[in-house]
Amino acid sequence: MGSDHYFSASPSSAENLRRIRVSLAGRSGEVTTAGGVFSPDHVDGGTAVLLANTPPPPPGGHLLDLGCGWGPIALSLAVQSPHATVWAVDVNDRALDLVRRNAAEWGLDNVNAARPDDVPEDVRFRGIRSNPPIRVGKNELHGLLERWLPRLDERSDAWLVVQRNLGSDSLQRWLAATFDDGYSVTRAATGRGFRVLKVRRHGAVRTGAIELP
């Protein structure tokens, strides 16, 4: 694709729409994917590991799929938590269009597909799930996480899946060093060469006392 990546805002590659069959959150059906988005032919292995090793999301509030692609995580969250608002966030306009199509086809009216700057600043998330775009580079990845993880609500969790040989252990160390006040970072699961990292935001630190998680 040359300089055209799944994290391009407007992929120049052929759209090449395709239909694939998936099973998400206990529900099976078809979705539409396309060229120029992440893992268009199947649910990515890391995403599958993440979905298999995270607890059910909170039943309400705002939930975030960061780097949503064509939407397997967002669709799963929306199926599991029909009363929550699921934000499917990506820089790739083609991916966002696919999420909208797939959510509509599955009858999920609680999915908002949006570019990062289109999510209102006052929205706080009761849960974050992400197969983050490691290949954007370390500096951009760190900036991405520094932007979104502080928007976790108190006593809420972010779950990230990272391939072991693409730096999951170094990312865990960076997360623990960067989010060292009011957060905890743990390795929650390992499978198929991937690590699932859990970032927990605890209760607020107050003068003279610490609110327990």
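These numbers come from the heavy atoms of this one structure, side chains and all, not from hydrogens, waters or symmetry mates.
A parallel orientation is assigned to the rings of W174 and H142, their planes being inclined by less than 30° (bins at 30° and 60°).
The two atoms that bring V111 and A78 nearest to each other are CG2-CB, 3.5 Å, heavy atoms only. Across all non-hydrogen atoms, the minimal contact from S81 to P57 is OG-CG, 3.2 Å. Taking every heavy atom of both residues into account, S28 and R21 meet most closely at CB-NH2, 4.1 Å. Scanning all heavy atoms of the two residues, the minimum distance from V119 to A114 falls at CG2-CB, 4.3 Å. Taking every heavy atom of both residues into account, R195 and R164 meet most closely at NH2-CD, 3.2 Å. Heavy-atom minimum distance, W159 versus A188: CZ3-CB, 3.5 Å.
For the pair D169 and R187, the salt-bridge criterion is met [side-chain N within less than 4.0 Å of a carboxylate O]. Using a cut-off of 4.0 Å between Lys/Arg side-chain N and Asp/Glu carboxylate O, R147 and D117 are scored as salt-bridged. By the 4.0 Å N-to-carboxylate-O rule, R124 lies too far from D153 to be salt-bridged with it.
Contact of the L64 side chain with the W148 side chain is registered, since non-hydrogen atoms from C-beta on lie closer than 4.5 Å. Side chains of V91 and P116 form a contact here, defined as non-hydrogen atoms less than 4.5 Å apart. Side-chain contact between Y183 and P150: present, with at least one pair of heavy atoms (C-beta onward) separated by less than 4.5 Å. Using a 4.5 Å heavy-atom cutoff, the side chains of E146 and T178 are in contact. Residues I134 and Q163 have side chains not in contact (no heavy-atom distance under 4.5 Å, counting atoms from C-beta outward). For the pair T190 and V196, the minimum side-chain heavy-atom distance is 4.5 Å or more. Under the 4.5 Å side-chain criterion, counting only non-hydrogen atoms from C-beta, R155 is in contact with R200. The shortest distance between side-chain heavy atoms of L141 and P132 falls below 4.5 Å.
In this structure, CZ in R201 is found 12.5 Å from CG in D157, a value given to the nearest 0.5 Å. The distance from atom OG of S156 to atom NE2 of H202, rounded to the nearest 0.5 Å, is 11.0 Å. To the nearest 0.5 Å, the span separating CG on L77 from CD1 on I73 amounts to 7.5 Å. The CZ atom of R129 sits 13.0 Å away from atom CG of L66, with the distance rounded to the nearest 0.5 Å. N102 contributes atom CG, which lies 10.5 Å from atom CD of E30 (distance to the nearest 0.5 angstrom). To the nearest 0.5 angstrom, N92 atom CG is 8.5 Å from C68 atom SG.
In the hydrophobic clustering of ILVMFWY residues, with side-chain heavy atoms under 4.5 Å counting as a link, V37 and L96 come out apart. Residues I128 and L175 fall within the same hydrophobic cluster, defined by Ile, Leu, Val, Met, Phe, Trp and Tyr side chains chained together at heavy-atom separations under 4.5 Å.
For N53 (side chain) and V49 (main-chain N/O), a donor-acceptor pair under 3.5 Å exists by modelled atom type. Under the 3.5 Å distance criterion, the side-chain polar atoms of T54 are matched with a main-chain donor or acceptor of L50.
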Let me see the working for R94 and W70 under side-chain contact (heavy atoms from CB on, under 4.5 Å), right down to the final yes or no.
CA-CA 8 Å; R94 186 177 294 175; W70 55 261; over 6 Å; no
Take D65 and W87 through the side-chain contact (heavy atoms from CB on, under 4.5 Å) test and state the conclusion after the steps.
CA-CA 6 Å; D65 172 8; W87 293 88; over 6 Å; no
Going through the distances and angles, do N110 and T85 end up as a side-chain hydrogen bond (donor to acceptor under 3.5 Å, both in side chains)?
CA-CA 5 Å; N110 58 331; T85 298; over 6 Å; no
Stepwise side-chain contact (heavy atoms from CB on, under 4.5 Å) check, F194 with N131:
CA-CA 10 Å; F194 293 90; N131 185 348; 5.8 Å; no
Evaluate the criterion side-chain contact (heavy atoms from CB on, under 4.5 Å) for residue pair L51 and L24; output intermediate values, then yes/no.
CA-CA 8 Å; L51 294 174; L24 300 170; 4.1 Å; yes
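Counting heavy atoms of neighbouring residues, nucleotides and ligands inside a 6.0 Å radius, atom CG of D41 exceeds 12 of them.
Remark: of the listed residues L166, V185, L145, L145 is the sole one forming a side-chain contact (heavy atoms from CB on, under 4.5 Å) with L171. For the side-chain contact (heavy atoms from CB on, under 4.5 Å) with L98, the lone residue among D93, L17, D90, V31 that qualifies is L17. Partner of T32 under the side-chain hydrogen bond (donor to acceptor under 3.5 Å, both in side chains) criterion, out of R19, R18, R101: R19 alone.
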